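Here is the structure we will look at, set down as structure tokens.
The residues of the chain are indexed from 1 along the displayed sequence. Counting starts at 1 for both ligands and their atoms, following the listed order. Keep in mind it's a predicted model, so treat the numbers as computed, not measured.
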Amino acid sequence: MKKVMFQAILFSGFIVSGSHPVLAALPPNVARHKAEFVENLINQMTVKEKIGQLRQRFVSSEMPEAEVLQAITDGQIGAMFGSAPRPVSRVLQDAAVRQSRLKIPLFFGFDVIHGHRTIFPINLALASTWDMDAIALSGRIAAKEASADGLDMTFAPMVDIGRDPRWGRVSEGFGEDTYLVSRIARVVVNAFQGSTLSASDSIMACVKHFALYGAVEGGRDYNNVDMSSARMYQEYLPPYRAALDAGAGSVMIALNSINGIPANSNTWLLQNLLRKEWGFEGLTISDHGAVAELIEHGVGRTGKEAAQLAMVSGINMSMSDTFYAQELPGLLKSGGVTQQQIDNAVRRVLGAKYDMGLFEDPYRRIGIASEDPADINAESRLHRAQAREVARKTLVLLKNEKGRLPLKKDGVIALIGPLAKSGVDIMGSWSASGVASQSVTIYDGLKKAMNNGSLIYARGANLTEDQEVVKYLGASEIENDSRSSAEMIDEAVRVAKQADVVIAVVGEPRSMSHEAASRTSLDLPGRQSELITALYATGKPLVLLLMNGRPLSIGKEQKLADAVLETWYSGTEGGNAVADVVFGDYNPSGKLPTTFPRSVGQIPNYYSHLNTGRPYLPGGPRNYTSQYFDQSPGPLYPFGYGLSYTDFSLSEITLSTQILKSNKSVDASITVRNIGKRDGETVVQLYIRDVVASISRPVKELKNFQKILLKAGEEKTVRFSIDESDLKFFNAQLEYVAEPGEFRVQIGLDSQNVKEQSFELL
Ligand code: BGC
């Protein structure tokens, strides 16, 4: 009876909803039972239908192509990836649930990385807030907007630890620190998946790129990763684990190899670690075309071998698949893969669809035609207020000599720079369904905020003049001014001379901080450095607004400026958020989630390094210590660093005890006082050092933090409770242990400038 109803609804031509026939045919109590439902369905599937479920195919707004519709009808595609308007997705879903034999719905996945229609700041910027509520808000809005466009899954969060800024994808991640990234991973998964994954405004998180993609050698994209187990477990794996513990329903498998074995054929990674050790029961998806890439990796000679390796090691779904469809049927016949292996993979795919609520209602997120938005880019679909609120928290004040910032809203401001008027770049890479014309550029934001003052503009420089680079990044991404650089700089200087203050917006086009955009230099590209020197020579006060997706080596340029504000790529409302900070309507509170090196030669340069046998100590002798003799040691800006328009003072640390017994805790407290004239927020950071252990331990590791708001003159005592779990690490045998001995507690407003106390773990 129920089955008949489902079909009636389905074939009414006005499909609203209805349970899957198998689901509906089960008694209500059993129908809710995922395992039974999935088994029941698997039992009805042909081999071809099973393999079809393991394939993900690209969708574009030009779809549906007849060939794709036919493949879906034949049960040859399990999911789509990409972005298409709801009417297109609906037609594809119709083919799956109206035409295909078993009526198994498709799911729709897309890269919703930092917002969907409303673009939030890039993830590196979101991490700079150290504000979990702000990050959660951005994730929740992304989920609402994406699901309203018919999406069921996002290929996010990207939680690869990024310690090599040559790698263009550091912009997509949340920085260099294991603890901070792990905390954010949990928050983002919860934000995407909501209170229940089957809700119409929840989307499944596909945590990526499992594993260690951030550690590609030399920061060169797709390169190999070679890493000790101790380091993996201690520093690189915890964020993925945190995302899975938070309930992420799926995992994307990385393109890189790990110690010589590609992640997509890595049985240790996909079976031993992910399934057995971590108990993950969700879906694994290869990265784009990664199954076929096993041939280039040199572990399989043919598509057949590649498909076999991927299936046997545990790739459930093949993104942009060729070889699962082509080769699995033959492999099954010849015994190269087993029925059980295929069934297991199908089980994961169907399980994910079940969790997303698609068997109950395949149109849960696609919605009904009469409710499709007339204009998918309508202003009413954006969340501008929230984007601005979050974006201003992401800005990091790196320098502010003599209180140059904030500026007054009157007078004459010269705004110079190739990024100042760019609505495309301010969105950052992976800007999903963001529309450049809807972004508030820095020019627009400042102009709108100014009272009687005037804003005058000159471009000043191109972002690159290297035609090869322009070709590589795409001419549509880099719009060059045809004037010579001398002409542009002259014009900028003329404009600067007419102003009371000069703001230069400099950095990288977004396409330089992206996948396949590794750099050998961290300098400002093009003639921007020359431009800054020329602007400095005018003698006008100079403010630099950086727009970039990776730490840049701006030692020379920052010296010439009175103030430097890191704005990252701040999204749809970026210009307004920047104006809020530049004019002091918001007091900056961002802190760097990544170290800024002095030069590319200092990389790797992360704060939580080991001490070495010959450490360089600031102020101490340099000879025969571990540093580079041709440059000042230490970073340009340390991890956790960021200024405010007010100042804070810190008391010494008080510990509740000097002796910590196991199962007990020690409280570390510190009093923070706002000694300036403005209210402001800051982040109080707790670091711990294990002084002597069975293996060398980092000079410090972030273990906790609190972001607090202090009114001018106000003080607050911040307490951190430390117990044995905060002191644990993976020893040489990969046991997770806390070893007795001395621990140093360091608390500061960045990772470098800290107060210190010690206690002993008995
Ligand atoms: C990227 C992934 C992304 C996928 C689908 C790949 O090239 O590495 O991060 O999710 O494309 O767009």
**Asked** Salt bridge or not for R381 and E145, using N-O below 4.0 Å?
**Response** no

**Prompt:** What protein heavy atom sits nearest atom 6 (C) of ligand 1, and how far away is it?
**Reply:** D287 OD1, 2.9 Å

**Salt-bridge present (R57, E67; N to O < 4.0 Å)** = yes

**Prompt:** Hey, does the side chain of S100 reach the backbone of I72 with a donor-acceptor pair shorter than 3.5 angstrom?
**Reply:** no

**Item:** Within-shell test, M158 vs ligand 1, heavy atom, strictly < 4.0 Å
**Value:** no

**Message:** I'd like to check which ligand 1 atoms, numbered from 1 as shown, lie under 4.0 Å from a non-hydrogen atom of F155.
**Reply:** 10 (O)

**Message:** Quick test: of every protein heavy atom, which one is nearest to atom 5 (C) of ligand 1, and how far off is it to 0.1 Å?
**Reply:** D111 OD2, 3.2 Å

**Request:** Identify, by atom number and element, the atoms of ligand 1 in contact range of H209, meaning under 4.0 Å from any of its heavy atoms.
**Result:** 2 (C), 8 (O), 9 (O)

**Message:** Does ligand 1 come near enough to K208 that some N or O of the ligand is less than 3.5 Å from an N or O of the residue?
**Reply:** yes

**Message:** Using a 4.0 Å cutoff against the non-hydrogen atoms of M252, which atoms of ligand 1 qualify?
**Reply:** 2 (C), 10 (O)

**ligand 1 contact by R169, heavy-atom criterion under 4.0 angstrom** = yes

**Prompt:** Is any side-chain N of the basic residue among R183 and D177 closer than 4.0 Å to the acidic one's carboxylate O?
**Reply:** no

**Message:** Applying ring pair (Phe, Tyr, Trp, His ring centres under 6.0 Å) to Y569 and H114, what does each step give before you reach the verdict?
**Reply:** CA-CA 11 Å; Y569 299 111; H114 51 104; 8.7 Å; no

**Asked** Is a salt bridge present between D160 and R169, judged by a nitrogen-to-oxygen distance below 4.0 Å?
**Response** no

**Request:** Would you check the N or O atoms of Y213, main chain and side chain alike, for any that come under 3.5 Å of an N or O of ligand 1?
**Result:** no

**Message:** The criterion is salt bridge (Lys or Arg N to Asp or Glu O under 4.0 Å); which residues satisfy it with D466, sequence neighbours excluded?
**Reply:** none

